[in-house]
Amino acid sequence: MDHPSQPSVRHFDHCPWLFADEATEEQRAAQREVQRAVGGDTGIGERCYVAESAAVFPDRLRLGDDSYIAAHAYVTGELDTGSHCTLNPFTTVRGKVVLGHGVRIGAHTSLLGFNHSMSPDRPVYRQPLTSRGIRVGDDVWIGSHVIVVDGVTIGDHCVIGAGAVVTRSLPAWSVAAGNPARVLRDRREVRGTGTAEVDPAAPVSGIRPDDGRTPTNRLAPDAVPGAAVGDPEPAPHDRRGVQVAGAAGADVAAGVGAEAAASAGAEVAELSGIRRGGDRGPTARPAPDPRTATLAAFADTARDQAAGLLDRCWDGERYVDRPGAVPTVRAHCDAVEIADLLLGVAPEHLSAEEHIGRLSGLQDPKSGLVPEFGEPLPVPDADGFIGEGAALYHVLCVGYALDLLGPGLPHPVCGVGDMTARQLIARLEALPWRTGAWGAGAWVDSLATAAHWNLRHADGSDHGHGTPETLFGWLLTRADPWTGMWGSPSAEEGRLQVVNGYYRLTRGSFAQFGLPVPYAERVVDALLDHARDARHFGPGRKNACNVLDVAHPLWLCAQQLGRGTDGYRSGDIHDWAERQLTTVLPRWQDGRGLGFGPGAVGPGPEPGLQGTEMWLAIVWYLADLLGRSGELGYRPRGIHRPEPARQAIAGLS
C-alpha cells in the first residue's frame, strides 16, 4: 500500500507502527505532548505512540517500550503492558488488565477487567463493581472483535480467533475460538505429522473433565467451519494492525459463534484426549512432556482442593495458619492470596465486603499501622516509623490482600510519609547489615512498600521529602560490586542472611517499583553459589523462605540479563530450577497443601496457609525460569506478583 510522503496525525492514529520511521520532528513533539497529557498515574516507555483520537483516562497506566494505543481505543482503570504491545483501533481495555511482552490485540476487541454484581435487592445501576482483573502472558495474539471477561488468565503464546468470547482461563500455547472460547489445539503441534498416543491416565494440561469443556461432536482435525488465514505478525519496522480472521495455520474460524461452538469443542476433544462422556483415550495429540504434565496436574490438584484447604484453616471466626494455631492477621491475608491465586475469588467464609471491612478495620487511621490480633499498637521510633515486629510485615500482607480485594489500604502509613531524607539515611546506616542483613532487608521492604501505598493517597505523600528517591540513591551507592548485594556473610550461616535480605530488599524496592537491580551478573553468581550450600539446601533442609529467596532474585535478574540460551548462566539457572521443582511438587499433601519446611524457622513442617501460599508462588517462579509457567494456569497477583506494582521513580531508570 502506498503511503503519503508525510502522513498526517490521523494516518498515524490508525497506523501507529509507521510513526517511528515516518514522523516529522513537529509530529514527534506533538506526540510527546499527547503522552504528557494522559492523566492518572502514568508511565510510558520509549518509542510508544498514543493516538490523539483515543480515549485514554487511566487510574494507572504503564505502557512498555515500543507499544502503542491506536485510534479510538478506550482505556480506563489500571493497564500494565510489557514491551511491543499493541491496542489496535477501537480496542477497549477497562478495569485491571496486565499484558506481557509482545501482545497483539485486534481492532474492536474488549478486555473487561471488572464486573457488576447482580444482587436482587437493588437496581442494576446501583450495583457495586468488582474486579479480579485480566492477565495476558507473553507472545499472545488476540484477534478482532474478541471479548475477554474479568478473572481470565491467558497463558503465554496463545492465539485467539476473531469473535471469540473468552470466559475461562486458557493454558499456554492454546489456539482458541468460539463463544464461549474453546481450545482447538496446541500451537506446538505440527499438523500432518505422525501420531503419538497419549497415556489415558495422564493429566491433560489445562483441561479437566469437569470444567464445562466436554465436547458433544467431532470433526476431522482440519475441518473447522469458516477457517481463514489471518495476517502474519508484521516485522518490527513494518507493523500492521492485527486483523485476525482466524488463527495461524488456518484453524480458527472467523467469528465462530455459538452455533459453531460444539464443532469447535469437538476439536478440543480430538486434540486433548477427552472423548464423549469424559473418558480419555489415545488421540492424534503428541505425547505431552511429562514434566509439563506434572506441573498441570499439580496446579489442577491445588485448584480442586483450594476451598477445602481454606476451610481447614477457618476456626469459625477467623483464619489460623493450620489447625490448632492461634488466629493471625497474616493467616487471613494468606487465605485471601490463595483464594485469589487458585479460585479468582475471595475466600467463601466471608463476603468480599466483609473481608475488606475486617482487614481495613485493622489499620490504625492515625499511624497507618496494623498490629497483631490482641497486641497493642506499636510505638513509633523517633523518626516516626517502627523497627521490628509483626506490624512491619502487615504493611505488605494486609496492603496486598486489600489490593487483591479492590480498595487497598484505607489510610497512608504516616511515619514513612513524614520521615525526612536525613532521618531515612540515618536509619539505613544504623540497620544491622553486617550481623542481620535479613532483618535490614525486611525493614527496607516494609518502608518501600509503605511508600508505594502512600503514593496512592492524596494525603499520603512524603511532603517533598523524596523518600523513594533517597532510598534508591542510598541503595545504589551501597551495593557491593562483588556480589551486587548488601550485607556481609558469616562463617556460621554463609550467605544466608545476605541472600534472604537481598530478596526482601529488592522485592519491596527494585521489583516493586520496576527498576533494574545493580550488578545483576554478580547477583546471579552469588545466588548460585549460595544455592550449593548444603546447610540450607541439602536433603531435608529446604524451607520456603530459603528457596523463594533464591528463585525470585534469579527470576528478577533474568529479566534484565536475558532468558533462554542467550541469558547469563541460563543453563545453570535452568538446572537449579528443574532440581527444585522435582523436590517441591511431590510434597503436596492432599487436603492439606504444603508445609513451610523443616526445623524451627517459620511455622514448621505441618502444611498450612503460609507454606502453601509461599510454595505456590515459588513453583510459579521456578516454572517461569524454565519457560513453563503457563502450564500452571495461575500467576501471582499479590505480594509475590512478578510485575512491578509501580513503574519507576522520577530521575531513575
Side-chain angles (χ1 to χ4, degrees), residues 321 393 431-445 479-480 482-508 511 517 519-520 522-558 569 571-588 594-608 610-626 639-640:
D321 181 71
Y393 193 76
L431 290 173
W433 297 105
R434 291 188 176 276
T435 59
W438 180 89
W443 187 88
V444 171
D445 191 0
D480 181 356
W482 186 253
T483 64
M485 299 184 179
W486 297 265
S488 304
S490 69
E492 296 75 22
E493 295 183 301
R495 285 199 172 106
L496 183 67
Q497 286 274 331
V498 176
V499 169
N500 290 8
Y502 181 86
Y503 160 69
R504 287 294 306 273
L505 183 153
T506 55
R507 190 221 69 84
V517 298
Y519 311 112
R522 303 291 75 78
V523 172
V524 171
D525 292 340
L527 290 168
L528 291 174
D529 180 66
H530 169 65
R532 292 192 292 268
D533 191 331
R535 289 172 294 182
H536 315 302
F537 293 90
R541 293 180 178 270
K542 299 175 188 176
N543 63 45
C545 182
N546 293 348
V547 178
L548 175 64
D549 294 1
V550 172
H552 182 276
L554 282 177
W555 183 92
L556 189 62
C557 291
R569 298 192 66 178
D572 294 330
I573 294 172
H574 186 284
D575 291 345
W576 182 82
E578 192 77 71
R579 290 196 302 272
Q580 305 316 304
L581 274 182
T582 60
T583 61
V584 172
L585 299 184
R587 291 186 193 167
W588 182 273
L594 290 159
F596 177 85
V601 177
E606 183 181 348
Q610 181 179 340
T612 300
E613 189 276 325
M614 291 183 70
W615 283 113
L616 287 171
I618 292 166
V619 167
W620 187 91
Y621 279 103
L622 294 172
D624 203 62
L625 285 169
L626 299 170
I639 204 166
H640 296 122

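Side chains of Trp433 and Val498 form no contact here, defined as non-hydrogen atoms less than 4.5 Å apart. The shortest distance between side-chain heavy atoms of Pro607 and Trp588 does not fall below 4.5 Å. Using a 4.5 Å heavy-atom threshold, the side chains of Trp576 and Leu527 count as separate. For the pair Thr612 and Leu616, the minimum side-chain heavy-atom distance is below 4.5 Å. Inter-residue side-chain proximity for Glu578 and Leu626 is flagged as met; some heavy-atom pair is nearer than 4.5 Å. Side-chain contact between Leu528 and Leu554 is present, with heavy atoms from C-beta onward closer than 4.5 Å. Within the 4.5 Å cutoff, no side-chain heavy atoms of Met485 are placed close to those of Tyr519. In this structure, the side chains of Asp533 and Leu496 stay at 4.5 Å or more apart for every pair of heavy atoms.
Rounded to the nearest 0.5 Å, atoms NE2 (His530) and CG (Asn546) are 6.0 Å apart. Considering CG of Asp572 and CG of Asp529, their distance stands at 11.5 Å, rounded to 0.5 Å. In this structure, Asp321 CG and Glu606 CD are separated by 8.5 Å, a value rounded to the nearest 0.5 Å. Taken to the nearest 0.5 Å, the NE2 atom of His574 stands 9.0 Å off from the CG atom of Leu625. Taken from CG in Asp575 to CZ in Arg569, the straight-line distance is 10.5 Å, to the nearest 0.5 Å.
A ring pair (Phe, Tyr, Trp, His ring centres under 6.0 Å) with Trp486 is found for exactly one of Trp443, Tyr502, Tyr503, Trp438, namely Tyr502.
Shortest non-hydrogen contact noted between Lys542 and Pro598 is O-CD, 3.0 Å. Heavy atoms only, all atoms of each residue included: Val523 and Cys557 are closest at CG1-SG, 3.6 Å. Summarising the geometry of Ala511 relative to His552, their closest heavy-atom pair is CB-CE1, 4.0 Å, with the distance given to 0.1 Å. The heavy-atom pair separating Ala526 from Arg495 by the smallest distance is O-NH1, 4.0 Å. When all heavy atoms are compared, the tightest approach of Asn543 to Gly597 is CB-CA, 3.9 Å. For the residue pair Ala534 and Arg541, the shortest heavy atom distance occurs at O-CD, 3.1 Å.
No salt bridge links Arg522 with Asp480; every basic N to acidic carboxylate O contact stays at or beyond 4.0 Å.
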Determine, stepwise, if the pair Ile639 / Arg507 fulfils side-chain contact (heavy atoms from CB on, under 4.5 Å). CA-CA 9 Å; Ile639 204 166; Arg507 190 221 69 84; 4.1 Å; yes
Verdict with reasoning, Trp615 to Val547, per side-chain contact (heavy atoms from CB on, under 4.5 Å): CA-CA 9 Å; Trp615 283 113; Val547 178; 3.8 Å; yes
Should Gln580 and Ile618 be marked as a side-chain contact (heavy atoms from CB on, under 4.5 Å) after you check the CA-CA gap, both sets of side-chain angles, and the distance that decides it? CA-CA 9 Å; Gln580 305 316 304; Ile618 292 166; over 6 Å; no
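For Arg535, the CZ atom is densely surrounded, since the number of other residues' heavy atoms within 6.0 Å is greater than 12.
Formation of a donor-acceptor pair under 3.5 Å by the His536 side chain with backbone atoms of Glu493 is found in this model.
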